[in-house]
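Just so it is clear, the structure is predicted and the values come from calculations on it, not from any experiment. Letters A, B, ... are given to chains in the order of the sequence lines, protein chains preceding strands, and every chain is numbered from 1.
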Protein chains: 2
Amino acid sequence: MSVIPVKTPSATYDVTIASGLLRTLRPRLEKLNQGKPFVPFVVTSPEIWGLWSEQFLASFKEPPAVLFLPAGERYKRMASVEDLAQQLAEAGADRDSLLIAFGGGVIGDLTGFLAAIYMRGIRYVQVPTTLLAQVDSSIGGKTGANLAAGKNLIGSFHHPQAVLADTDVLGTLPATELRAGLQESIKAGIIRDAKLFSYMEKNASAILAAEPKAITHVVAASVRVKADVVSKDEKESGLRMILNFGHTIGHAIEAATNYKQLLHGEAVGWGSIAALNVAVGRKTVTPAQAERMTNLILRYGPLSPFKATAQKLVDLTARDKKNRSGVRSFILPKGIGATQIVRDVTEAELLAATEKMLTLMRQSTR
Amino acid sequence: MSVIPVKTPSATYDVTIASGLLRTLRPRLEKLNQGKPFVPFVVTSPEIWGLWSEQFLASFKEPPAVLFLPAGERYKRMASVEDLAQQLAEAGADRDSLLIAFGGGVIGDLTGFLAAIYMRGIRYVQVPTTLLAQVDSSIGGKTGANLAAGKNLIGSFHHPQAVLADTDVLGTLPATELRAGLQESIKAGIIRDAKLFSYMEKNASAILAAEPKAITHVVAASVRVKADVVSKDEKESGLRMILNFGHTIGHAIEAATNYKQLLHGEAVGWGSIAALNVAVGRKTVTPAQAERMTNLILRYGPLSPFKATAQKLVDLTARDKKNRSGVRSFILPKGIGATQIVRDVTEAELLAATEKMLTLMRQSTR
């Protein structure tokens, strides 16, 4: 079992990673709330509940109320939040309610947002079921929903009381989702953990086969990177921006494909390759280092290909919510395991780097 | 000019009350943001904008973008928030955007909520145009929207950078709205300011005629009560609950009439009378004190009558979001100018008190 603390000015909590956690939920909730009354409500998808409800319910004497949200990015909208809030109200949920987000990133982000705004804020716990959610989205208190105009444009910072990541659940995760989630682990290695990067190079087969020891190692190391960064910069005023490595072009790819064609991790994979091309031009990484990183990204593929011009993608980055008054911040690796933030990346640079990534995509998926 | 500070753990800001404030908005925004870039977006109703845009724009070299929300409680919904957020995104609003809520309580609450969740939180300023908004809803950082299941069930705590209350604007306020807003001032007097209560007794004609000196005195005194209470208990863990005097039955009346028939202040007026009946039964006020308070509430009427049984209203209080795990908190005055919070008001007590209020309503509106 790994227990990794997140310590921010507004909240302190643990990310617990272990096999068999699901069966111990109820006593864990009691310990977290130490005598304070709480009424649990689960938000999950029918698929996850079908697979894991027995383990989930094992420690509950009285089964908690369950609210369902269909799986998929297209349900990450205000209408879903309103619908779930209405269900909570109809079920009599008051300020002593405690939400349990049991699912992937969409469930986690949306349930966190629901907890942030239901009666102006109630408690919640993250029980992430995808690799992406376990290593990234469940940690750090960012919650939200999408607008037609873009992803996560609506949201709150609202930390969970705990993140409980049961690695057993990854056993029923589709291989494509596992691979896509591992792109965020590669990102964690690139920006802050050279050892994790090397581990993922050396143990690719075991990790991709979801062998328990290997996958638990990767999850714990990735969580450590995220927890460390979030603890140092809760509200993304500086350091936390490094977590967006690969996300500038990544988000543009998702927008260009209407969030339907690629998994988030896949878009980040392609976006990271584009960012590495910028980094080579800026000489913050050597061509050999960039190749090593690009190769690892592709090793955890195949990343789904997509159709979009470089110009289209660069145009879409202009609306990225990380921009402040039109200034574009960009995260570049410094070698492997460190980063720097630059603010003067030109459109021409970004275009060339994206074009080069698209060329590689056409070659690698021919 | 009155400048009244609000000091909470999460924010410190001033409520400024004066004639002619609208014409000085832009330099005030600059002073509030001291060199930090900001791009203003106004959220207002077509009616208010039609009446006051000239004064509003007087200090702007470049007019700010204006987003419109139709007037009325029925637009205080998630769909409006989503629509406004989408408009912001399409207009290129980023984290340097600053919203200006220019309107009554619905505009203020909804714009504050929009500011709380757009890109996980941007700055905003309250420029309240109704008496209710100036003395109550613009202060204290409570923002939100309604669900079908109930009022303000969705929201955030998110403080404005400033509240700028121009009393000139009250000149175009319909008399019914002025009167309804004054019910919150009476409430402020009852719960915490015996002098304000007496002032409102002695100067009713001048106040109801919106004579500048009288109305400014009442606004400032009411704001002082609210600011003081909010400063001592930002998140409503204790003291702030006293602001809900009259609101338990008041909210039930609004729900029973679908938020359409009565203004909020009118419902609070009736709710306060019901609460006073409980207080007499509990002997926290004398019958003579209760009569004085009831008379002042009716003096600032007429309060619109409505049709609902006492049982219906009491049933509706069960869903009030102030309930925690089924315990009903109730605010009772202790004489005039002080309060106590009780948690053991029975359904029978509440029924009898509500019945008595309904009888008075039938008599007074015959």
- Message: Taking side chain as everything from C-beta outward and backbone as N, CA, C, O, which of these in B:Ser97 sits under 4.5 Å from a heavy atom of chain A? Side chain, backbone, both or neither.
- Response: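 The answer is neither part of B:Ser97.
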- Query: Using non-hydrogen atoms only, which part of B:Ala116 is less than 4.5 Å away from chain A: side chain, backbone, both, or neither?
  - Reply: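 For B:Ala116, the contact with chain A is made by the backbone alone.
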Working to the nearest 0.5 angstrom, can you tell me the gap between [X] [atom1] and [Y] [atom2]?
X	Y	atom1	atom2	result
A:Leu84	B:Leu147	CG	CG	11.0 Å
A:Tyr118	B:Ser156	OH	OG	14.5 Å
B:Ile117	A:Thr143	CD1	OG1	9.5 Å

- Message: With a 3.5 Å distance limit and no angle check, can you tell me whether A:Gln86 reaches the backbone of B:Ala149 through a side-chain donor-acceptor pair?
- Response: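 Pair found, side chain donor or acceptor close to backbone of B:Ala149.
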- May I ask you to decide if A:Ile154's main-chain N or O and B:Arg120's side chain share a donor-acceptor pair within less than 3.5 Å?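 Answer holds: no.
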- Query: Within residues 75-83 of chain B, which positions have a heavy-atom distance to chain A below 4.5 Å?
  - Reply: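 The residues closer than 4.5 Å to chain A, in numerical order, are B:Arg77, B:Met78, B:Val81, B:Glu82.
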